Novice: 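Got a structure for you, written out below as structure tokens; questions coming shortly.
A note on names: the letters A, B, ... follow the listed sequences, proteins ahead of strands, and every chain is numbered from 1. The structure presented is a predicted model; accordingly, all values stated were derived computationally and were not measured.
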Amino acid sequence: MPHEMYTRIEKAIKDLTGVPDALLVDGGEHADLATTVAFALAKQKKQAPVKIAQDLALELKKNPDIAMVTVEAKGPYINFTFGSAFVSEVLKDAVRPGYGNLPKKPTRVVLEHTSANPNGPLHVGHIRNSIIGDTLARAFRKAGYPLEVQYYVNDMGRQIAIVVWGFDNLDSARQDNEKEDAHIARIYIAANRAIEKDEGITRQVNTLMQLVENGDPATVKKFRKEVSRCLDGFAVTLKDLNVRHDRFVWESDFIRNGNTERIINRLKRMPQAREEETLALDLSEFGFTNKYVIRRSDGTSVYAARDLAYHAWKGANFDRIIDVLGADHKLIGAQLQCTMKLIGEKAPEIVHFEFVSLPEGSMSTRAGKFVSADDLITEIRKRAFDEVTARRPELDEATRKAIARSVGLAAIRYDIVKVSPEKSTVFDWKEALDFERQSGPYIQYAHARACSILGKAGSFTECFELETEQEIAVAKKIARFPEVIEQVVAELRPHILAVYARELADTFNTFYHFEPVLKSEGKVRDRRLTLVKAVQNTLKESLQTLGIDAIETM
RNA sequence: GGGCCUGUGGCUUAGCCUGGACAUAGCGCCGGGCUUCUAACCCGGAUGCCGGGGGUUCGAAUCCCCCCAGGCCCGCCA
């Protein structure tokens, strides 16, 4: 509906002026939409923009297609303001469950995210990937796409060989209550220390890698065992973060099923192939200065080859491929895309996010320098529990714990998703543990507040005719929700939804403080309760798309 | 050395792709508001050469060029 109106206004302007790129801009505080077409016409018409705007506004007012909007010339601008008739139409949708769901689409989408190496627990950098990926996944589902979310398990890298070497050669017993992934990190860190002291170990690690690539059953079994244990640990963390994968795809499967070999044979025939000791692609004609190595001189494949095989498989089963990857993968991601196109396969769309570092520098699993997601979750739940206990001492402990879990999850997910992915960030405990404005709990609180009002109201007759400025402001925010979902999916930028949800909560809070709902009477009470219901529903849908629990009390 | 990303009040940040009306919000600071629907809230105030310099344009935080600073990458690692 807003979109349709937008198109209609745009058409009206184009028909009238003949300016093809007469785009509408945000009217800010002056109006809902505005056009600056008068500036562009000033030269050709040899008239002042103000005069042109006045004349155009007069003509636009006569256009029956846009009768629902108020047209007004203000200086050189022509402003468009939606009337309350428009707003009431939108509200009728917004009070219904599933508001913001877009029409079903046939395009099958596969989305890969997280895919962290299984050599230690997920840390606060990895979960930026998980949260961006999972939020995108939820937005895609809301936008009507059939979607599968995958985790690509790197089960045959050097890191895993180091882990396996550590378990074979070091004191590797698991400590009491030690989580699997933390256990693996401890052994991985110790093995790396040993390697620094003794270069002979590197040869042993290389042997392990050869064995696994050749499919030696005992070695493959060992690798799988440690990787599985690490993934079991990840599963707990991801569940705590409300992040879900539909399928775990194992890298080594692409060796076993012959797909890697098949793709290497195709790559060999490319004009860009350089087969010397290694097999590599020369992509310099596309601006890549380094060689893209596919196969080692000892005949084993490198990560890139398996990754190409994996993507070819994704392309065969899905229409669109989306990968969420760290900024460190930009170059290899671009090489992958380039190569896929050259062999006539679908190339992935890649969402890159910049790094999360610690105040003392970048994180490193190998050096043991990281803040694990588990530690963050434990700490934030503790903080949230104290907060809930202070505010709601009358609630029993189980209820307070449940609220604390939801609030903690909200704080973590929102803190991470609210920042544009291209911004590198420094992890800050104080900010991560903040429950105030511009936080997930702030939005949850607005939702709980709306629920509370509705709970006390009892039954009422829905009324969609809003009147006051505050009421209309809230309704216009609500009206934007479907476009926001569309935009997130189109631009692959989930932080847009985070910003929107916060703005909706802001607008509702202001309304709440100025316009009494329960104490008003008759039609006013009905229409305000209807508005509260629409806000509650839209906040709920927004929060759920952000992977945050829309709790009803807190 | 080359490539990509970032630089917006003391701190964090939206807007940049698709140029327009006094640059968005939070934290912190100052001043107000709970006998009133949940104060994890609201209202008001101070704080900006939008990294610097050039250019394009009637108009630049936004587009182009140069420079500076930070992050990431440039492996027979993954």
Novice: I need the CZ-C1' distance between A/R502 and B/rA14, as an integer number of Å.
Specialist: 7 Å
Novice: Roughly how many Å apart are B/rC64 and B/rG28, using the P atom of each and rounding to a whole number?
Specialist: 38 Å
Novice: Using a 4.0 Å heavy-atom cut-off across all strands, classify A/S452 as base, sugar-phosphate, or nothing.
Specialist: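 Counting heavy atoms under 4.0 Å across all strands, the contact made by A/S452 includes a base.
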Novice: Reckon A/E276 touches a base, only the sugar-phosphate, or nothing at all at heavy-atom distances under 4.0 Å?
Specialist: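 The residue A/E276 makes no contact with any strand.
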Novice: Output the rounded distance in Å from CD1 (A/I332) to P (B/rC74).
Specialist: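 In whole Å, B/rC74 P lies 9 Å from A/I332 CD1.
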Novice: I'd like the P distance from B/rC66 over to B/rG59, given in whole Å.
Specialist: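 So the two P atoms sit 23 Å from each other.
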Novice: A/E354 has a side chain; which of B/rG71, B/rU6, B/rA25 sits nearest to it?
Specialist: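 Ranking B/rG71, B/rU6, B/rA25 by closest atom to the A/E354 side chain puts B/rG71 first.
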Novice: Describe the nucleic acid contact of A/E277 in one word from base, sugar-phosphate, nothing, applying a heavy-atom distance below 4.0 Å.
Specialist: base
Novice: Is the distance from OP1 or OP2 of B/rG71 to the nearest side-chain N or O of A/S362 less than 4.0 Å?
Specialist: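 Answer is no, no contact under 4.0 Å.
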Novice: Between B/rU36 and B/rC27, how far is it from one P atom to the other, in whole Å?
Specialist: 24 Å
Novice: Find the distance A/L41:CG to B/rC58:P and express it as a whole number of Å.
Specialist: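 One finds 14 Å between P of B/rC58 and CG of A/L41, rounded.
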Novice: Just call it for A/V532: base, sugar-phosphate, or nothing, with non-hydrogen atoms closer than 4.0 Å on any strand.
Specialist: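 Answer is nothing: A/V532 stays at 4.0 Å or more from every strand.
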Novice: Is there a side-chain polar atom (N or O) of A/K418 under 4.0 Å from OP1 or OP2 of B/rU12?
Specialist: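 A/K418 to B/rU12 OP1/OP2: no side-chain N or O under 4.0 Å.
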Novice: With rounding to the nearest 0.5 Å, note down the distance linking CD1 in A/I496 to OH in A/Y500.
Specialist: 13.5 Å
Novice: Under 4.0 Å between a side-chain nitrogen and a carboxylate oxygen: does that hold for A/R366 and A/E196?
Specialist: no
Novice: At less than 4.0 Å, is any side-chain N or O atom of A/H495 found next to OP1 or OP2 of B/rA25? Yes or no.
Specialist: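 No, outside the criterion.
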Novice: For atom C1', what is the distance between B/rA61 and B/rA78, given to the nearest Å?
Specialist: 39 Å
Novice: Under 4.0 Å, heavy atoms only, any strand: does A/I160 hit a base, just the sugar-phosphate, or nothing?
Specialist: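 Here A/I160 touches no strand at all.
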Novice: Calculate the interatomic distance between A/L454 atom CG and B/rC37 atom P; express it in whole Å.
Specialist: 16 Å
Novice: Check this for me: does any side-chain nitrogen of one of A/E360 and A/K369 sit under 4.0 Å from a carboxylate oxygen of the other?
Specialist: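 Answer for the salt bridge query: no.
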Novice: On RNA chain B, nearest-nucleotide positions of A/D434 versus A/A448: which is more 5'?
Specialist: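 Residue closer to the 5' terminus by nearest nucleotide: A/D434.
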Novice: Expressed in whole Å, how much space separates the C1' atoms belonging to B/rC43 and B/rC5?
Specialist: 39 Å
Novice: Around atom CD of A/E469, are there more than 12 heavy atoms of other residues, nucleotides or ligands at under 6.0 Å?
Specialist: no
Novice: Hey, does A/E515 reach any base, or is it just sugar-phosphate, or nothing, if we go heavy atoms under 4.0 Å?
Specialist: base
Novice: Kindly state whether the pair A/Y77 / B/rG20 counts as stacked, where counting means centroids closer than 5.5 Å and planes tilted less than 30° apart.
Specialist: no
Novice: With a 4.0 Å limit, can you tell me whether A/K423 has a side-chain N or O closer than that to the phosphate oxygens OP1/OP2 of B/rU12?
Specialist: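 Negative; the distance criterion is not met.
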Novice: Quick one: which of B/rC5, B/rU18, B/rG20 gets closest to the side chain of A/V25?
Specialist: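 Nearest to the side chain of A/V25 among the choices is B/rG20.
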Novice: Rounded to the nearest angstrom, tell me the gap between atom CG in A/L331 and atom P in B/rC73.
Specialist: 11 Å
Novice: Within the modelled atom types, does a donor on one side and an acceptor on the other bring the side chain of A/N79 and the base of B/rA21 under 3.5 Å apart?
Specialist: yes
Novice: Donor-acceptor pair under 3.5 Å: do we get one between A/S424's side chain and the base of B/rG71?
Specialist: no
Novice: Just the rounded figure in Å: distance from P of B/rU36 to OH of A/Y512.
Specialist: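 The distance from OH of A/Y512 to P of B/rU36 comes to 10 Å, rounded to the nearest Å.
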Novice: Are A/R449 and B/rA39 close enough that a side-chain N or O sits under 4.0 Å from OP1 or OP2?
Specialist: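 Result: yes.
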Novice: May I ask you to evaluate whether A/R296 reaches the phosphate of B/rG75, defined as a side-chain N or O under 4.0 Å from OP1 or OP2?
Specialist: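 Answer is no, no contact under 4.0 Å.
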Novice: Taking only side-chain nitrogens and oxygens of A/R158, does any of them come within less than 4.0 Å of OP1 or OP2 of B/rG75?
Specialist: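 Indeed not, no polar side-chain atom of A/R158 lies that close.
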Novice: Can you figure out which of B/rG15, B/rG28, B/rU38 approaches the side chain of A/E436 most closely?
Specialist: B/rG28
Novice: Should the side chain of A/S297 and the base of B/rC76 be counted as holding a donor-acceptor pair, with the cut-off at 3.5 Å?
Specialist: yes
Novice: Would you classify A/R366 as touching base, sugar-phosphate or nothing, given that sugar-phosphate means primed atoms plus P, OP1 and OP2, and contacts are heavy atoms under 4.0 Å?
Specialist: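 Since no nucleic acid heavy atom lies under 4.0 Å of A/R366, the category is nothing.
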Novice: Could you give the CD1-to-P distance, from A/I78 to B/rA21, as a whole number of Å?
Specialist: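 Answer to the nearest Å: 16 Å.
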Novice: Base, sugar-phosphate alone, or nothing: which one does A/M156 contact when heavy atoms must sit under 4.0 Å apart?
Specialist: nothing
Novice: Under 4.0 angstrom, heavy atoms only, what part of the nucleic acid is A/F435 near: base, sugar-phosphate, or nothing?
Specialist: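 It contacts base atoms.
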Novice: Looking at every strand, decide which applies to A/G27 at a 4.0 Å heavy-atom threshold: base, sugar-phosphate, or nothing.
Specialist: base
Novice: Rounding to an integer number of angstrom, what distance separates B/rC4 and B/rU47 when you compare their P atoms?
Specialist: 39 Å
Novice: Counting the atoms with a prime plus P, OP1 and OP2 as sugar-phosphate, which does A/A446 contact under 4.0 Å by heavy atoms, base, sugar-phosphate, or nothing?
Specialist: nothing
Novice: Report the residue (A/V517 or A/I403) whose heavy-atom-nearest nucleotide on RNA chain B is the more 5′ of the two.
Specialist: A/V517
Novice: From CD1 of A/I264 over to P of B/rC76, roughly how many Å is that when rounded to an integer?
Specialist: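 Checked: the CD1 to P distance equals 15 Å.
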Novice: What does A/V153 touch in the nucleic acid at a heavy-atom separation under 4.0 angstrom: a base, only the sugar-phosphate, or nothing?
Specialist: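 Nothing, no nucleic acid heavy atom in range.
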Novice: Tell me yes or no: between the side chains of A/Y152 and A/D307, is some donor less than 3.5 Å from an acceptor?
Specialist: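 Per modelled atom types, A/Y152 and A/D307 side chains form no pair under 3.5 Å.
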Novice: Among the nucleotides B/rC58, B/rC37, B/rC42, which one has an atom lying closest to any side-chain atom of A/P516?
Specialist: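 Among the listed nucleotides, the one closest to the side chain of A/P516 is B/rC37.
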Novice: Using the six-membered ring for Trp and the full ring for Phe, Tyr or His, decide whether A/F355 stacks on the six-membered base ring of B/rG71 (centres under 5.5 Å, planes under 30°).
Specialist: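 No; centroid distance or tilt outside limits.
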Novice: Could you work out the separation of B/rG9 and B/rG15 based on their P atoms and round it to a whole Å?
Specialist: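 Result for the P pair: 16 Å, nearest Å.
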Novice: Using the P atom on both, measure B/rC58 against B/rU12 and round to a whole Å.
Specialist: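 Nearest-Å result for B/rC58 against B/rU12 at atom P: 38 Å.
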Novice: Does a nitrogen or oxygen in the side chain of A/T36 sit under 4.0 Å from OP1 or OP2 of B/rG20?
Specialist: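 Checking A/T36 against B/rG20: no side-chain N or O falls below 4.0 Å of OP1 or OP2.
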Novice: From the list B/rC74, B/rA25, B/rA14, which nucleotide is the closest neighbour of the side chain of A/R437?
Specialist: B/rA25
Novice: Are A/Y442 and B/rC42 close enough that a side-chain N or O sits under 4.0 Å from OP1 or OP2?
Specialist: yes
Novice: Can you label the angle between the A/Y151 ring and the A/F248 ring as parallel, tilted or perpendicular, going by 30° and 60°?
Specialist: parallel
